[in-house]
Number of protein chains: 2
Amino acid sequence: MAVMAFASTTSLDRPPSHLRARDTDDRVNPVYEALVCGNCPARQSDLCGELKDPELQDLSRYSLRATFREGETVIWEGDPATHAGIVTRGCLRMTRTGADGRRQILGFLFSGDIVSLPATSHYTVSLEALANGELCRFERSRLEAALHKYPNLERGYRRTVATALEGAYGLAYSLGRKTAMERVATFLSDLRSGSCPKSPGGIMHLPMTRTDIADFLGLTVETVSRMFTKLKGAKVIRLPNAQEVEIVDPARLASLAESGNET
Amino acid sequence: MAVMAFASTTSLDRPPSHLRARDTDDRVNPVYEALVCGNCPARQSDLCGELKDPELQDLSRYSLRATFREGETVIWEGDPATHAGIVTRGCLRMTRTGADGRRQILGFLFSGDIVSLPATSHYTVSLEALANGELCRFERSRLEAALHKYPNLERGYRRTVATALEGAYGLAYSLGRKTAMERVATFLSDLRSGSCPKSPGGIMHLPMTRTDIADFLGLTVETVSRMFTKLKGAKVIRLPNAQEVEIVDPARLASLAESGNET
DNA sequence: CGCATCTTTGACCACAGTCAAAGAGCGTGG
DNA sequence: CCACGCTCTTTGACTGTGGTCAAAGATGCG
């Protein structure tokens, strides 16, 4: 699939074009796909959730599967927006990078989350893999045809984008009006109730680094680390190691997410 | 007669009345609406822009017009989300308010801007009028039916929401990663190229207060005021009075929006 | 084991927030 | 017509939260 180079904003701290080679493993396999959809993690998503089996089977004929590896950039800000898709496995970060390298992460995508089409002809965010995974993608015109053919799908897509908008508003509220402690508490609280996979013991594995969290919350690594330490000291969370968090006191965490200092 | 029946139906399932006295002036007038659409400011919008005249005429049968006055709250966060609509005149602010009164403005809506349906059954933001104006509204199920009937409309709606998402991402980037000066410069620069009405002399009338701007940019009134003063001192803008801004040096303003201190 | 990357901690600093007060603009009423 | 009160804006002095800089632990990998 043809992808052009875009010197401007994208190639700052991420390795450039050689990573995009993986894009080529898109493949179409009607029979296989139809079978796969049944137990696809995205089967429960807003997008596919309301589809009936025959609809899904028809739709799956147009789906393309692409695997990605940790560290790989799946979508580059500024590239022609040719596909939309669903994450079926793994985790990605959605980022926007300024000309001077400042970075804002706009969200983390887990299995079942959707990559929607931008309003413009080019992507306005990058998508970088935090863990190996897989995308179920649709070529733009195929998706648009399907949206028109299946009102269920169209409604689901609408809800999906509205949910994304809702998330962005929530993020804006955090960034604009919350303190560092509130932001970190909000982040952990949201992760807990979100699609981040949890182990049976209630321990969450964080696929993102402290730097990623900082870039998501509009803070610095140091501040994020200090807040983690503080939450650990207050016995609100446990940190078996840097990548694992156990939320010991969800109620207190939720309260900290709203007020910062205890109620 | 069918139209009249529809009119009474919608007034029945309209949200509880104590919050919104003004809503009562919704009215349906097929002939009048059809004529009005032709020179409606929203005719150029993403939503209505691609519609052909017959489609528009059909659609207009379901439109409800509601006027609003400065200071009035048109939509309350938490209310059942019964309508979507287009601003046809005036200006509104979209706000989210925390339990403790902290406020984040998520955007300003001018004529032609769309109020889309939320993913949930209830509105997640409030809409407050900054200037007298008018909304062209559609009852939820009517809009959904129309979206399915007219692919043009559906595509337009999709682009509209994607544009809103784009705007929210831009705001998040500002809030998370820009300095006070950059945010104010970005705000003014965006207003200039946006739908905020301008006088022939290139002077913009700001319908929002400094407090509103602060609540939009995640700053305080004092900081916003200081940045305005600084921009005036640097001859980047002129301030004939507090409500009017003339952008004297757009290029410099744009540069300040990205880097804060000169290039 | 050695190097690289990520995380944590500490000391210091600056940008924007807080608190306070004066100035500007505007509608209302005497 | 001006005085009054209200709201909004501006300016000043000071403070504090979170950023910056630096360095020491962890952790993981070849």
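Bear in mind the structure is a predicted one, so any value in this text is a computation, not a measurement.
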S.K.: Could you check how far CG of B/Asp212 sits from C1' of D/dC8, rounded to whole Å?
M.R.: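 Answer to the nearest Å: 11 Å.
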S.K.: Roughly how many Å is it from CZ in B/Arg183 to P in C/dC15, rounded to a whole number?
M.R.: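 Those two atoms, CZ and P, are 14 Å apart.
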S.K.: Quick one: B/Lys232 NZ to D/dT11 C1', roughly how many Å, whole number?
M.R.: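 Answer to the nearest Å: 11 Å.
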S.K.: Which nucleotide wins on minimum distance to the side chain of B/Arg226, given the candidates D/dA13, C/dA16, C/dA20?
M.R.: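 Output: D/dA13.
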S.K.: What is the distance from CG of B/Leu130 to P of D/dC8, rounded to the nearest Å?
M.R.: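 Answer to the nearest Å: 12 Å.
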S.K.: Tell me whether the guanidinium CZ or amine NZ of A/Arg210 lies under 6.0 angstrom from the six-membered ring centre of A/Phe228 and within 45° of its axis.
M.R.: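 Positive - A/Arg210 is close enough to the ring of A/Phe228 and near enough to its axis.
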S.K.: Quick check for you: among C/dC19, D/dT10, D/dC21, whose closest atom lies nearest to any side-chain atom of B/Glu222?
M.R.: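 Nearest to the side-chain atoms of B/Glu222, counting from C-beta on, is C/dC19.
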S.K.: Over how many whole Å does the gap from A/Lys230 atom NZ to C/dG10 atom P extend?
M.R.: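 The distance from NZ of A/Lys230 to P of C/dG10 comes to 13 Å, rounded to the nearest Å.
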S.K.: Going by salt bridge (charged side-chain N to carboxylate O under 4.0 Å, His left out), A/Glu128 matches just one of A/Arg96, A/Arg93, A/Arg69. Which one?
M.R.: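 In the set A/Arg96, A/Arg93, A/Arg69, the residue that makes a salt bridge (charged side-chain N to carboxylate O under 4.0 Å, His left out) with A/Glu128 is A/Arg93.
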S.K.: Picking from D/dC8, C/dC6, C/dA16, which would you name as closest to the side chain of B/Thr209?
M.R.: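 Minimum distance to the B/Thr209 side chain belongs to D/dC8.
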S.K.: Can a donor-acceptor pair be found between the side chains of B/Thr160 and B/Thr163 at a distance below 3.5 Å?
M.R.: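 No, no side-chain donor-acceptor contact under 3.5 Å.
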S.K.: Between P on C/dG17 and NZ on A/Lys178, what's the gap in Å once rounded to a whole number?
M.R.: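 These atoms are roughly 18 Å apart.
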S.K.: Nearest nucleotide by nearest heavy atom, which residue falls closer to the 5' end of DNA chain D, A/Leu219 or B/Phe228?
M.R.: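 Closest to the 5' end, via its nearest nucleotide, is B/Phe228.
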S.K.: Rounding to an integer number of Å, can you tell me how far A/Glu244 CD sits from C/dT7 P?
M.R.: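 My rounded result for the distance is 13 Å.
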S.K.: Think B/Gln243 has a side-chain N or O under 4.0 angstrom from the OP1 or OP2 of D/dT9?
M.R.: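 So the side-chain polar atoms of B/Gln243 do come within 4.0 Å of the phosphate oxygens OP1 or OP2 of D/dT9, strictly under.
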S.K.: Counting just side-chain N and O atoms, does A/Thr223 come under 4.0 Å of either OP1 or OP2 of D/dT17?
M.R.: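 No, outside the criterion.
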S.K.: Choosing from D/dT10, D/dG19, D/dG18, which nucleotide comes nearest the side chain of A/Thr220?
M.R.: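 Given the options D/dT10, D/dG19, D/dG18, the side chain of A/Thr220 is closest to D/dG19.
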S.K.: Got a sec, which residues hit ring pair (Phe, Tyr, Trp, His ring centres under 6.0 Å) with B/Tyr173, two or more places apart in sequence or on another chain?
M.R.: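 B/Tyr173: no ring pair (Phe, Tyr, Trp, His ring centres under 6.0 Å) contacts found.
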S.K.: Considering every strand and a 4.0 Å limit on heavy-atom distances, what is the contact class for B/Thr229: base, sugar-phosphate, or nothing?
M.R.: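 Counting heavy atoms under 4.0 Å across all strands, the contact made by B/Thr229 is with sugar-phosphate only.
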S.K.: Would you kindly compare A/Ala242 and A/Thr179 by the position of their nearest DNA chain D nucleotide and give the one closer to the 5′ end?
M.R.: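 It is A/Thr179 whose nearest nucleotide is closer to the 5' end.
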S.K.: Rounded to whole angstrom units, what separation is found between the CZ atom of B/Arg210 and the C1' atom of C/dA16?
M.R.: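 My rounded result for the distance is 18 Å.
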S.K.: Compute whether any side-chain donor of one residue and acceptor of the other, for B/Thr124 and A/Glu166, lie under 3.5 angstrom apart.
M.R.: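 On atom types as modelled, these side chains qualify, holding a pair under 3.5 Å.
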